[in-house]
Amino acid sequence: MEPPRTRRRLHWSKRPNPVAGLGSLLWLAVVIIPIYAMISASLTRQDKALGNNALKPPTDPTFANYNTVLHNGFGHFLANTAIVAAAVVAIVLVLCVPLAYVAVRTRTVWSSTAFRLFLMGVAIPAQAVVVPLYLMIAKLNLYDSLLAVILPTAAFAMPVSVLILTGTLRDISEDLYEAMALDGASATRMLFQLVIPMTKGGISTVVIYAALQAWNGFIFPLIFTQSDGPRVLTLGLFNYVSQFGVNIPALLASVVLSGIPIFAVYLVARRALVGGLMGVGGK
């Protein structure tokens with residue numbers, strides 16, 4: 001038989017919460033209405049883009065805007081963006097997982113100070129260091145290349161990634177480390193056989209975070225690239241902006257198409273993302 005306190009808790013958990021339900025509906029409307037308006041406008045003819053109500057379905061929907069986007073270099077921009085995102089994720093994982101492991105397992109003044117200094121990068125905006133980065137990239141002969149976008153994007157994604165991973169690593173029980181140490185496991189073996197398998201939630205969070213930073217990045221591609229060769233999706237949107245006007249339906253069609261891949265990644269790893277973010281607080 002369940003104790004009274006447990007029954008009372010179950011009773012309260014099953015009670016309806018109209019305030020929370022209303023808040024959820026309002027939040028859903030805030031998210032859905034702009035997406036609906038964007039998709040609706042992307043199916044509208046260019047000559048009718050500014051004359052219709054944004055929430056009114058198009059009377060004569062057309063996929064010509066999507067055809068325009070697909071035949072205007074979208075595949076090239078998508079491939080460049082995918083390369084940048086994959087490279088940024090790889091760099092962040094290769095560097096941040098060992099860094100977080102050392103920060104958690106090495107309890108010295110030097111490691112603690114280095115960790116705090118490393119996290120200062122969270123407070124530094126990218127706009128504040130654009131000029132020094134431009135000079136460095138120019139001296140390294142990396143200007144107007146994908147590496148000029150990949151390296152600074154990965155650098156600015158690392159502080160938050162280390163913060164997430166350290167919070168996740170602190171949830172690993174000390175007894176597990178001691179058991180592997182008694183078996184003669186080295187630090188490297190603990191990293192690959194204990195830490196990485198038990199921090200999949202945090203790693204998934206870092207993957208999505210770094211991929212989003214690379215996918216939505218604008219300032220680094222704008223400053224550090226010039227030609228069409230290394231152009232990414234965010235810069236490809238400029239193809240629909242001219243001196244005399246903006247092709248709004250084609251622009252929104254490009255936004256819709258560019259958001260599908262990263263949205264699919266989020267759907268696949270959303271549970272791991274939430275679990276990893278909950279572990280940021282750590283112990």
Report all side-chain donor-acceptor pairs from residues 145-155 shorter than 3.5 Å, counting only partners two or more places apart or in another chain.
{"from": "Ser145", "atom 1": "OG", "to": "Leu142", "atom 2": "O", "distance (Å)": "2.4"}
{"from": "Thr153", "atom 1": "OG1", "to": "Val149", "atom 2": "O", "distance (Å)": "2.6"}

For a quick test of your reading: what N or O donor-acceptor pairs under 3.5 Å do the side chains of residues 113-138 make, sequence neighbours left out?
{"from": "Thr113", "atom 1": "OG1", "to": "Val109", "atom 2": "O", "distance (Å)": "2.8"}
{"from": "Arg116", "atom 1": "NH1", "to": "Ser112", "atom 2": "OG", "distance (Å)": "2.3"}

Listing, residues 187-195 side-chain donor-acceptor contacts under 3.5 Å, not counting sequence neighbours, or none:
{"from": "Arg189", "atom 1": "NE", "to": "Gln193", "atom 2": "OE1", "distance (Å)": "3.0"}

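Each of Val94, Val88, Leu95 was evaluated against Ile91; a single residue qualifies, Leu95, per the side-chain contact (heavy atoms from CB on, under 4.5 Å) test.
When the side chains of ILVMFWY residues are joined at heavy-atom separations under 4.5 Å, either directly or via intervening members, Leu28 and Ile35 end up in two distinct hydrophobic clusters. Val102 and Leu176 fall into different hydrophobic clusters, where Ile, Leu, Val, Met, Phe, Trp and Tyr side chains are chained together by heavy-atom contacts under 4.5 Å. Residues Ile260 and Ile208 fall within the same hydrophobic cluster, defined by Ile, Leu, Val, Met, Phe, Trp and Tyr side chains chained together at heavy-atom separations under 4.5 Å.
One distance of note links OG of Ser42 with CG of Leu251; it measures 10.5 Å at 0.5 Å rounding. Atom-to-atom distance recorded for Ser161:OG and Ile203:CD1 is 11.0 Å, nearest 0.5 angstrom. Atom NE2 in His76 sits 9.0 Å away from atom OG1 in Thr81 (nearest 0.5 Å). Rounded to the nearest 0.5 Å, atoms CG (Leu182) and OH (Tyr177) are 15.0 Å apart. For the atom pair Ile32 CD1 and Trp27 CH2, the distance stands at 11.5 Å (nearest 0.5 Å). Distance check, rounded to the nearest 0.5 Å: CD1 of Ile164 to OG1 of Thr199 gives 12.0 Å.
Without hydrogens or angle criteria, Ser204 side chain to Lys200 main chain gives a donor-acceptor distance under 3.5 Å. Trp215 places a side-chain N or O within 3.5 Å of a backbone atom of Ser258 that can act as its donor or acceptor partner. A donor-acceptor pair under 3.5 Å is formed between the side chain of Asn80 and the backbone N or O of Arg231. At distances below 3.5 Å, not a single donor-acceptor pair connects side-chain atoms of Ser40 with backbone N or O atoms of Ala37.
In plain terms, the two heavy atoms of Phe74 and Leu257 that are nearest each other are CZ-CB, 3.5 Å. Pairing each heavy atom of Ala85 with each of Ala211, the nearest pair is CB-O, 4.4 Å. Nearest heavy-atom pair, Pro34 versus Val30, reported as atom, atom and distance to 0.1 Å: CD-O, 2.9 Å. Counting all heavy atoms, side chain and backbone alike, Pro249 lies closest to Asn65 at CB-ND2, 3.3 Å. Shown here for Val89 and Ala210, the closest heavy-atom pair between the two residues is CG2-CB, 4.1 Å. Contact detail for Val69 and Ala250: the closest heavy-atom pair is CG2-O, 3.4 Å.
Using a 4.5 Å cut-off on side-chain heavy atoms (C-beta onward), Leu222 and Thr234 make no contact. A 4.5 Å side-chain heavy-atom check between Leu235 and Phe218 finds at least one atom pair inside the cut-off. Side chains of Leu78 and Leu233 form a contact here, defined as non-hydrogen atoms less than 4.5 Å apart.
A parallel orientation is assigned to the rings of Phe224 and Phe220, their planes being inclined by less than 30° (bins at 30° and 60°).
Residues in residues 88-99 take part in no side-chain hydrogen bond (donor to acceptor under 3.5 Å, both in side chains) pair, two or more places apart or across chains.
Under the salt bridge (charged side-chain N to carboxylate O under 4.0 Å, His left out) criterion, Asp144 pairs with no residue, sequence neighbours left out. With sequence neighbours excluded, no residue forms a salt bridge (charged side-chain N to carboxylate O under 4.0 Å, His left out) with Glu178.
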Run Phe156 and Gln213 through side-chain contact (heavy atoms from CB on, under 4.5 Å) and show every step you take. CA-CA 9 Å; Phe156 275 88; Gln213 295 298 306; over 6 Å; no

